[in-house]
Amino acid sequence: MADEDLATRAPESDAAEQSAIPGDSKVDQGSASLGELTKFDDIEVYITKPADYPHSPSKLLLLLTGGTGVHSTNNQLQADKWATEGFLVVMPDQFAGDPAPTTNTSTSTTSPTLIEQVKLGFATVAKSFTIDMWLARHTPETVLPRLHKVLSAMREEFADAVANGGGVYAAGYCFGARYVLLLGSNLDEETARGDRAPESTAEEGMAKHGAAIKVGAIAHGTLISAQDFAKVEVPVGIVAVENDSLFPDDVREKGVKSLRERSVEVVEEVYKGVPHGFAVLGDYEEAAIVEKQGQAFAQMVGWLKGH
C-alpha cells in the first residue's frame, strides 16, 4: 500500500486515562451514562435505547468507537446521545477487552534535563512500539469477524428495529470509521470472515458477502486508505478535519472520487479549526469546538435519518 494512500498507523482514543494516541479528549466530569453493558455471542456490547422504546418504533444503529472502546465514558455518552435521536444503539467491543494503550506522560512545563531528555526518547520509542503491537492485534482479520457476530445477534434481538429502519445503520468514529466503510462494502466471503486482508486480491469467482449495513456515517477516521472506499456500495456521510494528518485530505479526496465515479451517494463536510477527535463528546473549553461538535453530530444524525 502506498504511503500517500494510508491515513495513519496510529489510532486515537478518548478515555478518561491519558492515551498514548494523539487527538484524545477529556471525559465530561459529572456525567453518567444511561445504557448497560451486556454480551452478544460472548462479545461485550454497550446498549442504550430511546426512552420510549419499544412503545415507539426505533432504528437500529451499530456504533463503532475509537481505540478506547466500550468502557470509555465519552463513548458511552456519545451512544446515549444517539439514543436521544431515536436510535437503538449497540456499541460493541471491537478489541476483545484490549483497548488502545495509555500512558502517564508528565505534563511538566519546565525544561527537561539531559537525562530526562534521554528517558523521554526511550519512552517515545517504547510508546511507538506499544502502539504498533496493539495495531498488529487489531486488524480487519480480527475485528470484522467480531462485528459480524454482533450484527447477527443484533438483527435477531432487535428484529423490530431492523424492520422499522429497513436494515442496520452504522456510525463510526476514528478507528471505527474504517470498519463502517468495510461493513458497507461488497467484500468476498473470506475477507468478511477474517481469512483475508481487505487489500489482498480474492480468487476469481469468490462468493461475495455483500454490504452488512444500510447506510454509514463516519467522523475523522484513522487507518483508512483510499482503497477502503473501493468496494463501498452504501451511502456514506463524512465528517472530516482540515489538514488532519490522521485522515489526510488526499486519502479522503481519492475515496470520495471513487464513490462518485461509481454513483455511490456521498456527502462530506470538512471542519476547520478543530482537533482530530472533536466530534466525540469531551470537555472542550473552546466554545468554537463545542459548537462545531454539535454541527458535526447534527450532520451525521441528519444523514442517517435521511436514509
Side-chain angles (χ1 to χ4, degrees), residues 7-8 10-34 46 48 61 63-85 87 89 91 99-100 102-103 105 107 109 170-178 180 216-224 236-253 256 267-305:
T8 178
E12 89 324 309
S13 58
D14 29 51
E17 295 181 88
Q18 178 64 39
S19 168
I21 315 301
D24 294 359
S25 57
K26 298 178 181 178
V27 169
D28 286 326
Q29 300 299 317
S31 298
S33 55
L34 303 175
Y46 177 82
T48 182
L61 176 69
L63 183 62
L64 303 181
T65 71
T68 45
V70 296
H71 289 278
S72 162
T73 302
N74 276 3
N75 292 338
Q76 293 181 2
L77 293 173
Q78 192 74 54
D80 292 344
K81 191 173 178 67
W82 278 99
T84 66
E85 293 292 338
F87 290 94
V89 183
M91 185 171 72
T102 58
T103 181
T105 302
T107 57
T109 57
Y173 296 85
C174 309
F175 183 99
R178 184 188 186 197
V180 169
I218 66 174
H220 37 67
T222 57
L223 301 171
I224 294 175
V236 179
I238 301 172
V239 168
V241 174
E242 184 181 46
N243 299 322
D244 185 358
S245 63
L246 301 180
F247 188 20
D249 294 344
D250 62 324
V251 171
R252 187 189 73 255
E253 289 165 1
V256 169
V267 64
E268 61 175 332
E269 185 71 32
V270 180
Y271 290 80
K272 300 179 179 180
V274 293
H276 179 91
F278 84 101
V280 178
L281 290 176
D283 187 17
Y284 288 106
E285 295 180 357
E286 298 88 342
I289 295 178
V290 175
E291 179 181 0
K292 290 181 180 180
Q293 183 182 91
Q295 293 172 359
F297 182 68
Q299 175 193 334
M300 296 174 76
V301 169
W303 175 255
L304 294 188
K305 285 187 174 182

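In this structure, Tyr284 and Gly277 approach most closely via the heavy-atom pair OH-O, 3.6 Å. Nearest approach of Gly216 to Val180, heavy atoms of both residues: CA-CG1, 3.8 Å. For Ala171 against Leu304, the heavy-atom pair with the smallest separation is CB-CD1, 4.5 Å. The two atoms that bring Gly67 and Phe175 nearest to each other are N-CB, 4.2 Å, heavy atoms only. Across all their heavy atoms, His220 and Asp244 have their closest contact at CB-OD2, 4.0 Å. The nearest pair of heavy atoms linking Val274 to Val241 is O-CG1, 3.2 Å.
Under the ring pair (Phe, Tyr, Trp, His ring centres under 6.0 Å) criterion, Tyr46 pairs with no residue, sequence neighbours left out. Scored by the side-chain hydrogen bond (donor to acceptor under 3.5 Å, both in side chains) test, Gln293 finds no partners at all (sequence neighbours excluded). Residues satisfying the salt bridge (Lys or Arg N to Asp or Glu O under 4.0 Å) criterion with Glu268, sequence neighbours excluded, are Arg252. Residues that satisfy the side-chain contact (heavy atoms from CB on, under 4.5 Å) test with Ala219, not counting sequence neighbours, are Tyr173, Val239, Ala279, Met300. Remark: Glu291 pairs with Gln295 by the side-chain contact (heavy atoms from CB on, under 4.5 Å) rule, at least two apart or across chains. Taking the salt bridge (Lys or Arg N to Asp or Glu O under 4.0 Å) definition, one finds that Lys305 meets it with Glu85, sequence neighbours left out. Residues forming a side-chain contact (heavy atoms from CB on, under 4.5 Å) with Glu269 (at least two apart in sequence, or on another chain): Tyr271, Gln299.
Rounding to the nearest 0.5 angstrom, the gap separating the CG atom in Asp80 from the CG atom in Leu34 is 4.5 Å. To the nearest 0.5 angstrom, Ile238 atom CD1 is 9.0 Å from Trp303 atom CH2. In this structure, Gln76 CD and Thr65 OG1 are separated by 10.5 Å, a value rounded to the nearest 0.5 Å. Note that CD1 of Ile224 and CD1 of Ile218 are 4.5 Å apart. Values are rounded to the nearest 0.5 Å.
Of the possible donor and acceptor atoms, none in the side chain of Glu242 sits under 3.5 Å from a partner among the backbone N and O of Val270. Between the side chain of Asn75 and the main chain of Val70, no donor-acceptor pair closer than 3.5 Å is present.
Residues Pro275 and Ile289 meet the side-chain proximity criterion, which asks for heavy atoms closer than 4.5 Å.
Taking the six-membered ring for Trp, Phe247 and His276 have ring centres at least 6.0 Å apart.
Cation-pi check for Lys81 over Phe297 is met; the charged atom lies under 6.0 angstrom from the ring centroid and within 45 degrees of its normal.
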